[in-house]
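Here is the naming used below: chain letters follow the sequence lines, and residue numbers restart at 1 for every chain. These values consider heavy atoms only, across backbone and side chains, with no hydrogens, waters or symmetry-generated copies.
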2 protein chains.
Amino acid sequence: MNNAFTTISGAKRHNRVTISDMAAALGLTKSTVSRAMNGYPDISETTQLRVKRMAEKLSYQPLSHAQAIKTGRTRSLGLILQLSDHDAQRPFLAEFLAGVSAGAHNEGWTLTIAASENHEDMIETFRVLLRDGKADGFILPRAMRDDPRVRLLREAEVPFVLFGRQDDDTDCAWFDILGEDAMRNAVMHLVALGHTRIGYINGGTQYAYAGLRKQGFLQGMADAGLPIDPDLIAEDAVTIKDGAEAASGLLDSMHPPTAIVCAVDFAALGVYRAAAERGLTIGRDLSVVGYDGIPEGAHTQPPLTTFSVDNKSAGERLSNILIRRIRGEDLTNLRETDMATFLDRGSTGPAPSSKN
Amino acid sequence: MNNAFTTISGAKRHNRVTISDMAAALGLTKSTVSRAMNGYPDISETTQLRVKRMAEKLSYQPLSHAQAIKTGRTRSLGLILQLSDHDAQRPFLAEFLAGVSAGAHNEGWTLTIAASENHEDMIETFRVLLRDGKADGFILPRAMRDDPRVRLLREAEVPFVLFGRQDDDTDCAWFDILGEDAMRNAVMHLVALGHTRIGYINGGTQYAYAGLRKQGFLQGMADAGLPIDPDLIAEDAVTIKDGAEAASGLLDSMHPPTAIVCAVDFAALGVYRAAAERGLTIGRDLSVVGYDGIPEGAHTQPPLTTFSVDNKSAGERLSNILIRRIRGEDLTNLRETDMATFLDRGSTGPAPSSKN
DNA sequence: GGCCTTGCCGAAACCGGTTTCGGTGATCAA
DNA sequence: TTGATCACCGAAACCGGTTTCGGCAAGGCC
């Protein structure tokens with residue numbers, strides 16, 4: 001540890017253009033350059049223009065961590081991924097990251113991420129990143145109902161944006177996909193195929209999306225004038241195994257469904273498994289609709305009919321919203337939604353004629 | 001937990017313990033505190049201990065971006081993900097990130113990542129991150145033969161670590177899984193089952209691993225005294241589709257193989273598809289061995305026999321190596337390897353008796 | 001014409017660290 | 001005793017920015 005400071009030569013001290021270089025080149029002082037760059041009102045229009053032109057010419061960019069020492073802000077977004085739950089987040093991670101990164105990069109921001117195993121680590125990581133000013137704001141994937149991260153960030157008065165909506169929206173910026181619309185459309189699609197006994201397998205009820213999607217399903221059933229059979233509704237299925245177990249419950253009930261809507265694709269794959277065990281052919285004996293658009297869904301037999309989410313675009317918009325939030329934009333402009341895209345593949349078909 | 005909020009909040013930065021607080025509390029000057037914290041030799045043992053104890057007590061941590069302004073180093077690792085290439089690295093991304101993040105976090109470092117779409121963007125991103133000192137070093141996943149990233153970082157004299165080995169090792173730190181051993185073991189496993197006509201489907205030949213794994217396969221064949229049939233060797237299959245096409249080529253050749261070794265799990269899944277098209281049952285008519293341990297492999301029928309890679313551990317070790325490299329540790333200590341774990345599942349079986 | 005704004009910018013302090021330089025007091029050889 | 005050496009630490013400059021404060025000239029008002 002004693003010789004810890006004899007390090008490899010860091011980045012070549014490229015003659016980076018500093019604010020002093022700018023000042024010298026313009027015949028101004030550092031302070032004027034700084035205020036011009038930051039658009040202070042006490043700098044004349046013409047001077048500001050001169051400065052910015054020169055910045056362009058010399059390709060001057062203030063060093064973010066030099067600014068940070070005074071301002072506390074470092075032009076970087078924080079993203080904390082919780083990886084303990086093997087949830088549906090993983091297949092999208094690459095796209096999502098690509099989007100978030102692109103959104104940040106577009107504005108000249110960077111992205112610092114921390115992946116934590118469990119909840120305690122995640123909170124601790126938040127603390128450290130906040131304390132050390134490693135991020136000016138946070139993107140919170142997978143909004144939970146009564147989210148502890150939200151409480152923490154609110155308390156600390158740190159900007160954040162949710163992927164998903166929360167019950168208590170006050171001072172929350174968010175972006176979300178209208179999963180409830182998708183669920184309702186799923187029901188309508190099945191009804192059009194003649195199904196009347198439609199089951200529903202919900203996702204993790206700790207997450208905000210579950211309530212919404214379930215509402216969407218119920219709404220669809222109501223719209224179609226179909227009754228709700230509590231035996232045909234399951235909760236908390238986020239893995240294939242969960243889905244298989246939930247589906248088993250529905251299929252072994254007194255009056256099994258002819259179709260099942262799943263809040264999560266993995267659960268839908270579980271339905272495949274449960275169906276196979278019972279000799280049921282998906283798309284003929286049993287229709288299944290999923291949600292998420294995971295890649296595996298394209299390779300199953302038959303391919304899964306589902307709603308696909310553009311996670312890259314979601315990430316990009318989240319970055320964008322967060323940056324605007326940090327810049328102090330009004331909250332009302334910082335709540336956006338998008339729709340999932342229906343992929344009509346092979347896992348749905350006409351309701352089998354009842355020959356029970 | 002409650003009082004931690006107030007000290008942690010980013011908005012209320014004035015609570016943060018600075019070096020001046022330390023100096024005041026100790027009756028020393030800032031400079032002494034700084035040198036003590038950094039282990040300079042001109043500070044007495046006892047003073048250094050006093051300082052470090054006080055740091056512990058006040059939980060003082062130098063602000064990394066305040067240090068960076070003078071030292072240029074910010075205690076953060078850079079990771080640039082290229083997402084243009086197909087699903088190749090996606091399934092591992094979550095684990096890999098978790099590992100990298102954990103490895104960084106353990107040492108009090110952070111992780112800034114950038115995901116780029118194409119090669120040009122990636123190079124550009126490198127440049128920006130370097131210029132702005134956003135990362136003290138980089139982790140390069142997927143080492144390529146004659147890697148342009150390596151050239152760039154060498155040029156800039158910036159520390160980096162490769163995931164994978166390169167032809168030209170000079171001044172490279174790296175970590176790698178011994179894929180060649182796995183391929184050789186795959187051959188031995190099949191030979192033990194009686195196979196003699198064994199095909200090989202290689203991965204992306206632009207990557208360094210492809211050459212190594214192919215060598216491993218050839219070595220295994222040589223060890224078993226089996227001849228190499230060029231018709232049974234395909235290259236550059238990294239997706240299911242690639243794998244299916246390559247497998248079709250092998251299976252439709254004059255003397256089709258009874259077993260196929262794949263450098264990449266996705267290719268192996270392609271073999272499943274090609275086999276299905278020809279009415280061949282995997283594990284009986286045709287044996288398949290993959291490599292990677294992607295989750296999908298566990299859900300196929302039969303489950304794929306493969307070599308699984310612990311990507312989380314890999315990420316963690318890469319972080320660790322990079323940090324040591326940045327600290328100036330000798331290169332000879334910074335080259336590590338690990339083994340893949342053989343998962344003997346259902347896709348291999350005894351060689352079918354030749355009834356051609 | 002004098003006084004008070006107002007617009008615009010320079011001077012200097014400041015942020016939280018690091019690093020150079022120099023100055024003690026103690027030790028030690030002569 | 002003296003002069004030189006050394007271990008240890010303080011003073012101050014510095015890094016690349018931001019921000020406060022104040023000065024100066026031009027313009028408005030009476």
Pick base, sugar-phosphate or nothing for B:Thr18, based on heavy-atom distances below 4.0 Å to the nucleic acid.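 It contacts sugar-phosphate atoms only.
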
Just call it for B:Leu63: base, sugar-phosphate, or nothing, with non-hydrogen atoms closer than 4.0 Å on any strand. sugar-phosphate

Rounding to an integer number of Å, can you tell me how far [X] [atom1] sits from [N] [atom2]?
| X | N | atom1 | atom2 | result |
| --- | --- | --- | --- | --- |
| B:Ile69 | C:dG17 | CD1 | C1' | 8 Å |
| B:Met22 | C:dG17 | CE | P | 10 Å |
| A:Ile19 | C:dC14 | CD1 | P | 19 Å |
| A:Met37 | C:dC9 | CE | P | 16 Å |
| B:Arg16 | C:dC15 | CZ | P | 15 Å |
| B:Lys30 | D:dA12 | NZ | P | 12 Å |
| B:Gln67 | C:dT19 | CD | C1' | 13 Å |
| B:Arg73 | C:dT19 | CZ | C1' | 13 Å |

So, B:Asp147 side chain and B:Met144 main chain: donor-acceptor pair closer than 3.5 Å or not? yes

Could you tell me whether the side chain of B:Thr32 and the main chain of B:Leu28 form a donor-acceptor pair under 3.5 Å?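 Answer holds: no.
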
Is [X] salt-bridged to [Y], going by a charged N under 4.0 Å from an acidic O?
| X | Y | answer |
| --- | --- | --- |
| A:Arg16 | B:Asp132 | yes |
| B:Arg154 | B:Asp171 | yes |
| A:Lys312 | A:Glu95 | no |

Flag the pair B:Leu111 / B:Ser76 as yes when at least one side-chain heavy-atom distance between them is below 4.5 Å, and no otherwise. no

For nucleotides 9-11 of chain D, tabulate all protein N/O to nucleotide N/O atom pairs closer than 3.5 Å, reporting atom names and distance.
residue	atom	partner	partner atom	Å
D:dC9	OP1	B:Thr47	OG1	2.5
D:dC9	OP2	B:Ser44	N	2.9
D:dC9	OP2	B:Ser44	OG	3.3
D:dC9	OP2	B:Thr47	OG1	3.2
D:dC9	N4	B:Asp42	OD2	3.2
D:dG10	OP2	B:Thr29	N	3.4
D:dG10	OP2	B:Thr29	OG1	3.2
D:dG10	OP2	B:Thr32	OG1	2.4
D:dG10	N7	B:Arg35	NH2	3.1
D:dG10	O6	B:Arg35	NH1	2.9
D:dG10	O6	B:Arg35	NH2	3.2
D:dA11	N6	B:Ser31	OG	3.2

Between A:Tyr40 and C:dG7, is there a side-chain N or O to OP1/OP2 distance below 4.0 Å? no

Where do A:Leu162 and A:Ala143 come nearest, in terms of heavy atoms and distance?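 Smallest interatomic distance, heavy atoms only, reads CD2-CB, 3.8 Å.
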
Could one point to a donor on the side chain of A:Lys70 or the base of D:dG17 with an acceptor on the other under 3.5 Å away?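 Side chain to base: no pair below 3.5 Å.
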
